[in-house]
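Notes follow once the structure below has been shown.
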Amino acid sequence: MNSTENTSASSANFIREIIDADLTAGKHQQIVTRFPPEPNGYLHIGHAKSICINHGIARDYRGRFHLRFDDTNPTKEDTEYVESIMEDVRWLGAEWGDNLFFASDYFEQLYAWAVHLIEHGKAYVDDLTAEQMRQTRGSLTEPGTDSPWRNRSVAENLDLFARMRSGEFANGAKVLRAKIDMGHPNLNMRDPVLYRIAHAHHHRTGDAWCIYPMYDFAHGQSDAIEGITHSICTLEFEAHRPLYDWFLQNLPVPAQPRQIEFARLNLTYTVMSKRKLLQLVQEKHVNGWDDPRMPTISGLRRRGYTPEAIREFCDRIGVSKRENVIDLGLLEFCLRQDLEEKAIRRMVVLDPLKVVITNFSDATEWYPGPNHPSNEAMGERKVPLTREIFIERDDFMETPVKGFFRLFPGNEVRLRYACYITCTDVIKAPDGSIVELHATFDPESRGASSPDNRKVKGTIHWVSAKESLPIQVRLYDNLFHSETPDEAPEGKTFLDNINHDSLQVITAYAEPALADATLAERFQFERKGYFCLDKDTASEGLIFNRTTTLRDSWSKQQKK
RNA sequence: UGCCCGAUGGUGUAAUGGCAGCACAACAGGUUCUGACCCUGUUUGUCUAGGUUCAAAUCCUAGUCGGGCAGCCA
């Protein structure tokens with residue numbers, strides 16, 4: 001059972017080493033992990049990292065994975081978030097089975113444990129205001145001072161705490177604090193607040209409570225109740241670990257979970273804090289939590305990312321305690337790797353330039369093309385060729401630069417799957433802009449190869465002008481033009497780093513077969529990128545999101 | 001200024017006293033009915049200074065730099 005040989009791709013990391021050591025020491029029969037979101041926002045790619053770590057460990061060690069909502073602050077939480085979080089975790093493939101929990105389910109037990117602390121002289125009701133408490137907490141360099149209410153009798157504390165629960169006091173009038181050490185070098189140990197009064201409606205417990213436990217008083221004990229063996233969280237909770245352990249040692253809890261911290265994920269060209277993401281949504285810099293430019297799970301999903309790509313990414317970035325900023329390029333690499341295999345190939349012209357094949361009849365000829373270049377099982381479809389077609393405007397250059405081997409006057413290229421054409425004329429508007437091209441095709445090249453096997457360097461995609469389908473395409477770019485949007489100069493904020501050209505909506509022309517697209521499918525518009533149908537399609541006609549572009553060594557070379 | 005944590009190519013991550021490896025990126029080539037995919041090759045690294053040791057990325061000491069902590073948020 002204590003298998004350290006992982007069958008999956010997940011690699012060893014310092015957390016797994018700790019678990020291996022604990023197993024070797026005989027501390028556990030089974031490993032139990034959990035993902036503990038607060039339902040106050042949507043999940044993002046950083047949460048995916050945590051989910052993958054926790055779920056991956058439970059899977060590889062044949063243990064259990066719990067989904068537990070840390071819902072101890074009714075003023076910020078909502079069932080809308082509970083639902084979106086469950087959908088996202090499930091979509092990522094982290095199954096929790098019957099192990100769905102809520103910290104609010106433990107409120108009664110937590111209350112009993114608070115009473116236990118009071119009875120043992122380890123907690124007291126304090127009448128200090130929030131402001132007074134801040135002033136007496138001391139500073140980073142100076143110790144705090146004891147509250148004048150610190151030495152109330154057990155009986156008085158018991159009475160007061162019961163009255164706090166019964167609703168006798170107003171918000172903020174009193175709190176329950178642990179009696180630890182106001183001079184402790186770790187600020188979290190300076191008599192931390194355990195319970196605060198909040199006459200607020202809770203999304204699950206309704207109006208049953210008007211006092212709510214703080215995170216510190218709820219988290220570790222919830223872990224203990226569920227038998228969590230390793231409570232994995234991010235670095236900012238490191239300073240809370242002594243307190244986490246203090247509760248476990250001073251309360252009759254059924255287990256002794258171990259907290260382990262790792263560094264959260266940071267990605268270039270994006271922000272990851274819940275507060276900032278919420279701000280982007282509320283101030284309408286994006287169109288909701290699932291805007292395809294958002295790093296939220298729902299945004300990535302709508303953009304066309306796959307759970308497999310995200311999981312592969314989380315696996316590759318590793319786990320450590322070191323601050324990190326991962327190159328967005330790695331996420332895109334994982335995406336392309338997955339989509340290359342899954343995407344159905346289609347031809348779509350995003351920026352059309354009309355070409356008249358002057359020696360072509362008025363008939364429509366249908367040519368077969370595979371749905372995938374190396375997976376025959378994906379089948380094929382037929383593409384209609386007519387006398388007038390559209391090609392990509394940038395696949396033509398009147399005066400070609402060095403190295404350009406697509407269409408230019410006198411040059412022959414292959415129309416993918418169809419035939420060879422040679423450009424004969426360039427038709428221009430009075431202002432000099434190119435409005436149309438004339439070309440001739442080689443009848444011998446039908447099927448996209450010729451009997452003489454002559455070399456045709458360029459192959460371009462195209463659609464029939466007559467038989468194509470206009471579709472709306474949404475082209476996305478990074479939401480921020482800065483690699484590190486959080487780093488704004490004096491007087492500026494991350495909002496000043498927003499890329500205002502991150503969304504471009506165009507009309508493109510697609511081959512007829514694309515009309516059958518479904519939400520579940522992924523497409524590669526050949527030579528242009530990966531795309532997927534957007535959910536808006538239902539009401540407005542076919543709408544596609546560009547998930548990401550293809551690697552493009554030509555344009556990269558041109559920029560030099 | 002107190003306590004805690006961290007530091008390996010451009011980025012991320014291995015090496016757990018014994019040849020600094022892998023991936024992404026970059027660069028150069030090959031292949032190609034996608035300038036995609038795929039294949040081959042190249043460049044780039046142990047924060048600094050001492051110490052322990054036959055041997056240090058790894059252990060010790062000091063420093064430097066980066067991060068976290070003073071919510072009745074999580």
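Here is how names work: the chains are called A, B, and so on, in the same order as the sequence lines, proteins then strands, and each is numbered from 1.
For the ring-ring contact (aromatic ring centres under 6.0 Å, His included) test, residues two or more places apart in sequence or in another chain that qualify with A:F217 are A:Y195, A:F247. In this structure A:F102 satisfies the ring-ring contact (aromatic ring centres under 6.0 Å, His included) test together with A:F69, sequence neighbours excluded. Evaluation of the ring-ring contact (aromatic ring centres under 6.0 Å, His included) rule for A:F390 yields A:Y509 as partners, not counting sequence neighbours. For A:C532, the side-chain contact (heavy atoms from CB on, under 4.5 Å) partners are A:R522, A:N545, A:T547, not counting sequence neighbours. Applying the side-chain hydrogen bond (donor to acceptor under 3.5 Å, both in side chains) rule to A:S482 yields no partners; only residues at least two apart in sequence or on another chain are considered. Shown here are the side-chain hydrogen bond (donor to acceptor under 3.5 Å, both in side chains) partners of A:T136, two or more places apart in sequence or in another chain: there are none. Scanning for side-chain contact (heavy atoms from CB on, under 4.5 Å) contacts around A:R177 gives A:Y124, A:D126, A:L128, A:M133, A:S147, A:V175, A:M182, A:D191, A:V193, with sequence neighbours left out. For A:S555, the side-chain contact (heavy atoms from CB on, under 4.5 Å) partners are A:D552, not counting sequence neighbours.
Atom-to-atom, CG of A:N13 to P of B:G6 comes out at 15 Å; the value is rounded to the nearest Å. At whole-Å resolution of the value, NZ in A:K321 and P in B:G12 are 18 Å apart. With rounding to whole Å, A:D216 atom CG is found 12 Å from B:C69 atom C1'. When the P atom of B:C4 is taken as reference, atom CE of A:M189 falls 14 Å away, rounded to whole Å. To the nearest angstrom, C1' of B:G68 lies 8 Å from CD of A:E238. A:F217 places its CZ atom 18 Å from the C1' atom of B:G71, with the value rounded to the nearest Å.
A heavy-atom distance below 4.0 Å to RNA chain B is reached by these residues of residues 130-147 of chain A, ordered by number: A:A130, A:M133, A:R134, A:R137, A:S139, A:L140, A:T141.
With the nearest nucleotide of RNA chain B identified for both A:D71 and A:P185, A:P185 has the one nearer the 5' end.
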Contact letters for nucleotides 32-46 of chain B, in which S counts primed atoms plus P, OP1 and OP2 and B counts the base, heavy atoms under 4.0 Å | BBBBSS---------
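A donor-acceptor pair is defined here as one N or O able to donate and one able to accept, closer than 3.5 Å; no such pair exists between the side chain of A:R204 and the backbone of A:H202. Formation of a donor-acceptor pair under 3.5 Å by the A:R134 side chain with backbone atoms of A:T129 is not found in this model. With A:R190 contributing its side chain and A:H184 its backbone, the two residues share a donor-acceptor pair below 3.5 Å. A:N157 places a side-chain N or O within donor-acceptor distance of the main-chain N or O of A:R152, the cut-off being under 3.5 Å.
Shown here for A:A510 and A:V463, the closest heavy-atom pair between the two residues is C-CG1, 3.9 Å.
The shortest distance between the side-chain N/O atoms of A:R16 and the OP1/OP2 oxygens of B:A14 is not below 4.0 Å. Under 4.0 angstrom from either OP1 or OP2 of B:C69 there lies no side-chain N or O belonging to A:R190.
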Dot-bracket notation for RNA chain B, counting Watson-Crick and G-U pairs under 3.5 Å, with | for partners on another strand = .((((((..((((....[..)))).(((((.......)))))....(((((..]....))))))))))).....
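Here the side chains of A:D338 and A:E312 are not in contact, with every heavy-atom distance at 4.5 Å or above.
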Quick one: which protein N/O atoms are closer than 3.5 Å to N/O atoms of nucleotides 63-65 of chain B? Pair and distance per line, please.
none

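Applying the 90° criterion around 0 to the glycosidic angle, B:G71 comes out syn.
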